[in-house]
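Not measured: the values here are computed from a predicted model. When reading the values below, keep in mind they use all heavy atoms of this one structure, side chains included, and skip hydrogens, waters and symmetry mates.
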Amino acid sequence: MKFSIRVADPAGNITIFVLGDVPPEQYAPVAAKLLSMEEYRAEQVAFQVPPRMGAQGRIQMMGGEFCGNATRSFGYLLSTQLPGNPDTVTVEVSGAEQPLTVRIDREGGRCETEMPLPAATIRVPFDGREYSAVCFDGIVHAIVPGEAKEEAFVRELLRTVQAAAPASAYGILFLNGENMVPVVYVCDTDSLIWESSCGSGSMAVAVFLALQRGDGEHRFRLHQPGGVIEAAAAVENGRIVRCRMGGPVSLSEEIAVTLPEF
């Protein structure tokens, strides 16, 4: 099996984009193999596929989940593929019901993407406490105040959140002031990764904090192991009406890859 890839680095959340034609039933084994290749240090894999909703391009994440960092990185990649290298593109991403707009700042090495609005915010009882969870189409993030805890805690809380809100993927976000440590579980690939940064997780935290502050647009800079992600959420009459997320991103040249047939 031969195809090309490009490797994006959005604040350390290394993402591999597969550009060749890979059958959907082989997404999981191909993604697992690419994630195991130490030279890429990747945390997630996305497959470029034809758009379905009229956008300029589309990606399917390895487990059908939604990912904000992959969205903005793909916007950067797509802009290099289109005539004129536009600074604004529309993209489709698995787990998102509508196309999203990505703005590219090449001189600053940054990308910012529109984000889906949360479908709901819920409270999840666990181990004698209640944790807030922000539900997006395709991924649910639970927010845990304080320093990061051990993996056993993560797995137990994940099971509780999964029972409360079915989704393709889940995040456990440890939030200590402006510092965030994200852990993401993707159901289809059964992968639990302590990520360097998380775009949709950053958005979930921005939603969580903005709702506490009330009406207005609220901006946050979240420091994560791999770098800083900026997220903004606008509240009107106690509801989230706009979401955006961005930060630095870099992109490799095209790389040829050969894998054994699965």
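Considering CD1 of I104 and OH of Y76, their distance stands at 8.5 Å, rounded to 0.5 Å. Note that CZ of F220 and CG of L175 are 10.0 Å apart. Values are rounded to the nearest 0.5 Å. With rounding to the nearest 0.5 Å, the separation of CD1 in I16 from CZ in F47 is 9.5 Å. Between atom CG of residue N85 and atom CZ of residue R106 there is a gap of 5.0 Å, rounded to the nearest 0.5 Å. Atom-to-atom distance recorded for M62:CE and T189:OG1 is 4.0 Å, nearest 0.5 angstrom. The CZ atom of F126 sits 9.5 Å away from atom CG of L158, with the distance rounded to the nearest 0.5 Å.
Enclosure of atom CZ in R239 is not indicated, since only 12 or fewer non-hydrogen atoms of other residues, nucleotides or ligands lie within 6.0 angstrom. Atom CD of E97 is surrounded by 12 or fewer heavy atoms from other residues, nucleotides or ligands within 6.0 Å. Counting non-hydrogen atoms of neighbouring residues, nucleotides and ligands closer than 6.0 angstrom, the CD atom of Q98 reaches no more than 12 such neighbours. Taking a 6.0 Å sphere around CD of E38, one finds it holds 12 or fewer heavy atoms contributed by other residues, nucleotides or ligands.
When hydrophobic clusters are built by joining Ile, Leu, Val, Met, Phe, Trp and Tyr residues whose side-chain heavy atoms come closer than 4.5 Å, directly or via intermediates, M53 is not grouped with L100. Under the 4.5 Å side-chain contact rule for hydrophobic residues, F174 and V184 do not share a cluster. By the criterion of side-chain heavy atoms lying less than 4.5 angstrom apart, applied directly or through intervening Ile, Leu, Val, Met, Phe, Trp or Tyr residues, Y27 is grouped together with I14 in one hydrophobic cluster. Under a hydrophobic clustering in which Ile, Leu, Val, Met, Phe, Trp and Tyr are joined whenever their side-chain heavy atoms come within less than 4.5 Å, directly or via other members, M180 and V161 fall into different clusters. No single ILVMFWY cluster, assembled from side-chain heavy atoms under 4.5 Å apart, contains both V124 and I139.
Under the 4.5 Å side-chain criterion, counting only non-hydrogen atoms from C-beta, S73 is in contact with V249. Taking the side chain as every heavy atom from C-beta outward, R58 and Q48 never approach each other to under 4.5 Å. Inter-residue side-chain proximity for V235 and R213 is flagged as unmet; no heavy-atom pair is nearer than 4.5 Å. Side-chain contact between Q56 and Q81: absent, with no pair of heavy atoms (C-beta onward) separated by less than 4.5 Å. Put simply, the side chain of M245 reaches to within 4.5 Å of the side chain of I229, judged on heavy atoms. Using a 4.5 Å heavy-atom threshold, the side chains of I255 and V7 count as touching. Between Y40 and I5, some side-chain heavy-atom pair lies under the 4.5 Å cut-off. Residues L117 and V241 are not in side-chain contact: their nearest non-hydrogen atoms beyond the backbone lie 4.5 Å or more apart.
Within the 3.5 Å criterion, the main-chain N or O of C198 finds a donor-acceptor partner in the side chain of Q224. Side chain of Y170 to backbone of A142: no donor-acceptor contact under 3.5 angstrom is found. At least one donor-acceptor pair closer than 3.5 Å links the side chain of T15 to the backbone N or O of N13. Counting only distance, with no hydrogens or angles, the side chain of S94 and the backbone of M61 share a donor-acceptor pair below 3.5 Å. The backbone N or O of A167 sits nowhere less than 3.5 Å from a side-chain atom of Q162 that would complete a donor-acceptor pair. Judged purely by atom type and a 3.5 angstrom limit, H218 has no side-chain atom pairing as donor or acceptor with the backbone of A233. When atom types are taken as modelled, the side chain of Q60 and the backbone of V93 share no donor-acceptor pair closer than 3.5 angstrom. Between the side chain of E114 and the backbone N or O of T101 there is at least one donor-acceptor pair closer than 3.5 Å. A donor-acceptor distance shorter than 3.5 angstrom exists from the side chain of R72 to the backbone of P248, with no hydrogens or angles considered. Here the side chain of N176 pairs no donor or acceptor atom with the backbone of E147 at under 3.5 angstrom.
N69 and S197 share a side-chain donor-acceptor pair at under 3.5 Å. R41 and S196 share no donor-acceptor pair across their side chains, judged by distance under 3.5 Å alone. Side chains of D190 and Y185: a donor-acceptor N/O pair is present below 3.5 angstrom, by distance only.
If you look at F66 and F136, their ring centroids are not closer than 6.0 Å.
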Practice task
Quick one: do L259 and F3 satisfy side chain to side chain contact (heavy atoms under 4.5 Å, CB included)? Show the steps, please.
Solution key: CA-CA 9 Å; L259 296 181; F3 50 80; 3.7 Å; yes

Problem - Check against side chain to side chain contact (heavy atoms under 4.5 Å, CB included), I193 and V183 - result: CA-CA 6 Å; I193 298 177; V183 191; over 6 Å; no

Exercise for the section: Apply the test side chain to side chain donor-acceptor pair (under 3.5 Å) to residues E43 and W194: give CA-CA distance (whole Å), side-chain angles for both, the deciding distance (0.1 Å), then the verdict. Expected result: CA-CA 9 Å; E43 297 180 344; W194 293 71; over 6 Å; no

Exercise for the section: Apply side chain to side chain contact (heavy atoms under 4.5 Å, CB included) to L211 and I240, showing your working. Expected result: CA-CA 8 Å; L211 287 171; I240 300 293; 3.9 Å; yes

Practice task
For R6 and L19, run side chain to side chain contact (heavy atoms under 4.5 Å, CB included): C-alpha distance rounded to whole Å, both residues' side-chain angles, the deciding distance at 0.1 Å, then the answer.
Solution key: CA-CA 8 Å; R6 293 187 74 175; L19 309 183; 4.0 Å; yes

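Looking at every heavy atom in both residues, A204 comes nearest to H141 through CB-CB, 3.7 Å. The two atoms that bring A165 and I122 nearest to each other are CB-CD1, 4.0 Å, heavy atoms only. Scanning both residues, V205 and I143, for their nearest heavy atoms gives CA-CD1, 4.2 Å. Across every non-hydrogen atom of M203 and A232, the tightest pair is CE-O, 3.1 Å. When all heavy atoms are compared, the tightest approach of E92 to G54 is OE2-N, 3.2 Å. Residues A70 and I59 share a closest heavy-atom pair of O-CD1, 3.8 Å.
Q212 is linked by a side chain to side chain contact (heavy atoms under 4.5 Å, CB included) to F208, L209, counting only residues two or more places apart in sequence or in another chain.
Each of V207, L222, L173 was scored for a side chain to side chain contact (heavy atoms under 4.5 Å, CB included) with S202, with one residue passing: L222. When each of R219, R244, R110 is paired with E230, the salt bridge (Lys or Arg N to Asp or Glu O under 4.0 Å) condition holds for R110 and for no other.
Contact check on R103 versus D87 returns no salt bridge, with no Lys/Arg side-chain nitrogen under 4.0 Å from an Asp/Glu carboxylate oxygen.
Applying the side chain to side chain donor-acceptor pair (under 3.5 Å) test to pairs two or more places apart or on separate chains, those with a residue in residues 246-260 are S4-E254.
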